[in-house]
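Working notes, structure below.
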Amino acid sequence: MNKEFIMQGGTPITSELATELRKLVFGTAGIPMRAEWLQTSFVFGAAGKDELAYGLRSPRNATRGMLSVVQGFILKYLLFARKPSRAAATANPLMATAEMQRDALFNALLEILRIISDKGKVTMVLPSADEVFVDHSATYFHDTVTEKLYTFTLSPNEELEHFLKRNFQYFTEEETPGTLLFLYSAVLTRSMGKVRTDLDSSKSMPLTMGNHEEGSLMIVTLLLTGRATPYIHNGVINVGDENSYAVAQYGVLKRCMIGLLLWDTESTSAAVNQSRQPGSRLKTPNYPIWITSCTGHYGVIFNRNPDLLRNYHAESRFDVNYYSCSGHQILMTIDNRTYNEQALVMLERQPITPESSSQTVGKQAKDEAITAVGGAAAGGGVAGASGGGGVGGAASGASAGNDVVAKEESTLNTPLQRLIHTKWEEATISFHVQPSMLSYLFSTTQ
C-alpha cells in the first residue's frame with residue numbers, strides 16, 4: 001500500500017466503484033477510453049516571455065472543453081482576483097510568470113471543486129505508481145489509471161487547499177492523466193447518483209458523449225454550474241403533452257461566475273438554434289468571461305473590465321479577446337452604437353401629444369429607451385448588463401489604418417461572428433486579425 005496516500009487519508013478504489021465510474025463517464029468499462037484522457041494534463045505556454053503565457057495548451061481532443069472552462073477560471077483569477085505586489089500592479093496580468101501560472105491554475109481548480117461541492121465534502125483521486133486494485137476482465141478493461149486510484153474525502157476549505165498544493169504535480173506534469181484525475185474528482189465530488197440525475201437518466205447517456213470531438217457540453221456545465229445538465233436554459237421547464245406526465249428539465253438555477261455562448265451549424269432552423277441558446281444566467285455572468293462552443297470548437301472570450309456587465313454605457317464599444325487552447329488569440333472590437341442610435345431615432349420620430357407634457361414625456365421615454373437598449377445589447381437579458389472597460393478606451397485609440405482593416409474584416413460572415421451575435425445581436429464586429437486565422441481556428445485540423 002502507498003504509505004503516503006494512506007497517511008493522507010486515501011482509500012484504494014473498489015472494483016464496483018471503478019466499473020461504475022468508467023460506465024458513467026465513458027459509457028462502458030469493457031473497452032479502453034480515448035487515449036487523450038490518459039495523456040493530457042494542465043500545461044501552460046512559456047512563462048513570462050510569451051504574450052499568451054496566461055493560456056493552457058493542448059492538441060485538439062476530447063479534453064478541450066474541460067480545459068477551456070479551467071482557462072476561464074484562470075483568467076478570472078489573473079484579471080480580477082489576484083492581489084499583486086505594488087511593483088507588479090502595473091504589469092500586464094496576461095504576461096504570466098511561472099509563479100502566476102501556478103497560482104492561477106491552483107485557484108481555478110480549487111474554485112471549480114468548491115462550486116461543485118456546494119459547501120459539502122470534496123472527493124479527489126490520485127493514482128498509485130504500481131498498485132492495481134481491480135482485476136482485468138471481460139467487464140473491466142484496464143486503462144492504467146482508474147484501477148490504480150486512491151480516493152480522498154476532504155473538507156472544501158483548508159484541508160482541500162493543503163491537499164491540492166501537496167499533490168499539484170499529478171495534475172500538471174506533461175503527458176500525464178491530469179485532466180482525467182480532475183474529471184473523476186469533479187464527478188465524485190458531485191456524486192455519481194446526482195450526476196446520473198443531472199444527465200437525465202432516462203436517456204442513458206455517458207458524461208463524455210463520445211461523438212463530440214472536443215468534449216461534451218455536460219462536462220462544461222458540471223464545471224461551470226456544479227451540475228452536469230444538458231439543459232442550459234434558466235430554471236426548470238416542465239415538458240410533456242396530453243398523453244404523458246410532465247417531466248422537469250433542470251437548467252441553470254442561478255447566475256454563474258463565468259458564462260457560456262454557443263453557436264452550432266448542425267441545424268439551419270432558427271427555432272431549433274434558438275432553443276439551444278443559453279439563458280441569461282449563462283449569457284450574462286458575474287464576470288465578463290464566457291466559455292464558447294462554436295461549430296464544435298471550444299474557446300474563451302473575455303474582457304478586462306470588471307464592470308462590463310454592470311454599466312451599459314461601457315457596452316457601447318469595447319474590445320474582447322478570443323483564446324483557444326490551441327495557443328491562438330483573436331482581438332475583436334464589438335460596437336453597439338449604431339443599434340443604440342437607431343433605436344433613439346425611431347423613438348424621436350414617434351408623434352408627441354399635448355404640448356404641455358411633450359417635453360416631460362419625451363425626456364422620460366428617451367431615458368427609458370436608453371436603458372432598454374442597453375439591456376437588449378447585453379443579449380443575455382439581465383438588467384444592468386454591460387461594460388467595456390479599460391479595453392473600450394484602448395479600442396477608441398486604435399490607429400486609422402487598423403480601423404480600416406477592421407472595418408473590412410467586420411463584413412466577414414464567420415462562425416465567430418455568428419457566435420458573438422448570439423449575445424450582442426445587432427453589434428458591428430471588427431476582427432483585428434487576418435481572415436486566414438479565423439478559418440484556421442474553426443477548421444478540423446487545429
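Scope of the values below: all heavy atoms of this structure, side chains included, with no hydrogens, waters or symmetry mates.
Looking only at atom types and distance, the side chain of Thr284 has a donor-acceptor partner in the side chain of Lys423 under 3.5 Å away. Asp319 and Thr333 share a side-chain donor-acceptor pair at under 3.5 Å. No side-chain donor-acceptor contact under 3.5 Å links Ser430 and Asp335.
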- Task: Could you walk me through whether Leu416 and Met332 pass side chain to side chain contact (heavy atoms under 4.5 Å, CB included), step by step?
- Result: CA-CA 10 Å; Leu416 190 54; Met332 297 170 281; 3.8 Å; yes

- Could you walk me through whether Leu105 and Phe44 pass the side chain to side chain contact (heavy atoms under 4.5 Å, CB included) test, one step at a time? CA-CA 9 Å; Leu105 178 58; Phe44 286 93; 3.9 Å; yes

- Item | side chain to side chain contact (heavy atoms under 4.5 Å, CB included) assessment of Leu183 paired with Trp37 | CA-CA 10 Å; Leu183 179 59; Trp37 286 105; 3.8 Å; yes

- Task: Evaluate the criterion side chain to side chain contact (heavy atoms under 4.5 Å, CB included) for residue pair Met124 and Leu160; output intermediate values, then yes/no.
- Result: CA-CA 9 Å; Met124 297 203 71; Leu160 176 60; 3.7 Å; yes

- Message: Under the criterion side-chain hydrogen bond (donor to acceptor under 3.5 Å, both in side chains), I'd like the reasoning laid out for Thr63 against Asn61: C-alpha separation, chi angles, the key distance, then a yes or no.
- Response: CA-CA 6 Å; Thr63 68; Asn61 60 41; 2.5 Å; yes

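A distance of 11.0 Å separates CG in Leu109 from CG in Leu181, rounded to the nearest 0.5 Å. Note that OG1 of Thr422 is 11.5 Å distant from CG of Asp264, once rounded to the nearest 0.5 Å. Rounding to the nearest 0.5 Å places CG of Asp103 at 11.5 Å from CG of Leu110. The CD1 atom of Ile112 sits 12.0 Å away from the OG atom of Ser117 when rounded to the nearest 0.5 Å.
Counting heavy atoms from C-beta on, the side chains of Leu94 and Asn321 never come closer than 4.5 Å. Looking at heavy atoms from C-beta onward, His297 lies out of side-chain contact with Ser324 at the 4.5 angstrom threshold. No side-chain heavy atom of Leu164 sits less than 4.5 Å from a side-chain heavy atom of Tyr170. A 4.5 Å side-chain heavy-atom check between Met33 and Thr146 finds at least one atom pair inside the cut-off. Taking 4.5 Å as the limit, some side-chain heavy atom of Leu309 sits within range of a side-chain heavy atom of Pro285. By the 4.5 Å heavy-atom criterion applied to side chains, Trp263 and Pro415 are counted as neighbours. Side-chain atoms of Arg34 and Thr208, non-hydrogen and from C-beta on, never get closer than 4.5 Å to each other. Contact annotation: the side chain of Tyr231 never approaches that of Thr221 to less than 4.5 Å [non-hydrogen atoms, C-beta and beyond].
Pairs passing the ring pair (Phe, Tyr, Trp, His ring centres under 6.0 Å) check and including a residue from residues 55-83, sequence neighbours excluded, read Phe80-Tyr287.
What you find for Ile291 and Val69 is that their closest heavy atoms are CD1-CA, 3.7 Å. Nearest approach of Ala228 to Leu207, heavy atoms of both residues: CB-CD1, 3.9 Å. The minimum heavy-atom distance between Phe318 and Glu315, with the atom names listed, is CE2-O, 3.3 Å. Shortest non-hydrogen contact noted between Met205 and Met218 is SD-CE, 4.1 Å. In plain terms, the two heavy atoms of Ala46 and Ala53 that are nearest each other are O-CB, 3.3 Å. When all heavy atoms are compared, the tightest approach of Thr225 to Ile115 is C-CG2, 3.9 Å.
Under 4.0 Å is where a charged nitrogen must lie from a carboxylate oxygen, and between Glu36 and Arg60 no such pair does.
In this structure, Tyr184 has no ring-ring contact (aromatic ring centres under 6.0 Å, His included) partners at least two apart in sequence or on a different chain. With sequence neighbours left out, Ala47 forms a side-chain contact (heavy atoms from CB on, under 4.5 Å) with Ala98, Gln101. With sequence neighbours left out, the side-chain contact (heavy atoms from CB on, under 4.5 Å) criterion links Glu175 to no other residue. Residues passing the side-chain hydrogen bond (donor to acceptor under 3.5 Å, both in side chains) test with Arg190 are Asp198, sequence neighbours excluded. With sequence neighbours excluded, no residue forms a side-chain hydrogen bond (donor to acceptor under 3.5 Å, both in side chains) with Glu173. Remark: Glu20 pairs with Arg196 by the salt bridge (Lys or Arg N to Asp or Glu O under 4.0 Å) rule, at least two apart or across chains. In this view, Asp50 and Arg57 satisfy the side-chain hydrogen bond (donor to acceptor under 3.5 Å, both in side chains) rule, not counting sequence neighbours. For Met95, the side-chain contact (heavy atoms from CB on, under 4.5 Å) test picks out Glu51, Asn92, with sequence neighbours left out. In terms of the ring-ring contact (aromatic ring centres under 6.0 Å, His included) criterion, residue partners of Phe302 (sequence neighbours excluded) are, by chain and number, Tyr54. Partners of Thr153 by side-chain contact (heavy atoms from CB on, under 4.5 Å), not counting sequence neighbours, listed by chain and number: Lys121, Thr123. Scanning for side-chain hydrogen bond (donor to acceptor under 3.5 Å, both in side chains) contacts around Arg418 gives Asn413, with sequence neighbours left out.
Not one N or O on the side chain of Arg337 forms a donor-acceptor pair closer than 3.5 Å with the backbone of Arg317. At least one donor-acceptor pair closer than 3.5 Å links the side chain of Gln71 to the backbone N or O of Leu56. For Thr176 (side chain) and Thr172 (main-chain N/O), no donor-acceptor pair under 3.5 Å exists by modelled atom type. Not a single donor-acceptor pair under 3.5 Å links the side chain of Lys283 to the backbone N or O of Gln277.
With Ile420 as the fixed residue, the side-chain contact (heavy atoms from CB on, under 4.5 Å) test singles out one of Thr414, Thr292, Ile334: Ile334. When the options Trp424, Tyr323, Tyr322 are evaluated for a ring-ring contact (aromatic ring centres under 6.0 Å, His included) with Trp290, the one that passes is Trp424. The only option from Asn234, Asn286, Leu282 that meets the side-chain contact (heavy atoms from CB on, under 4.5 Å) definition with Arg255 turns out to be Asn286.
The aromatic rings of Phe168 and Phe106 stand perpendicular to each other, their planes meeting at an angle above 60°, with 30° marking the opposite boundary.
Residue-environment remark: OH (Tyr250) stays at or below the threshold of 12 foreign heavy atoms within 6.0 Å. Within a 6.0 Å sphere centred on CD of Gln169, other residues, nucleotides and ligands contribute more than 12 heavy atoms.
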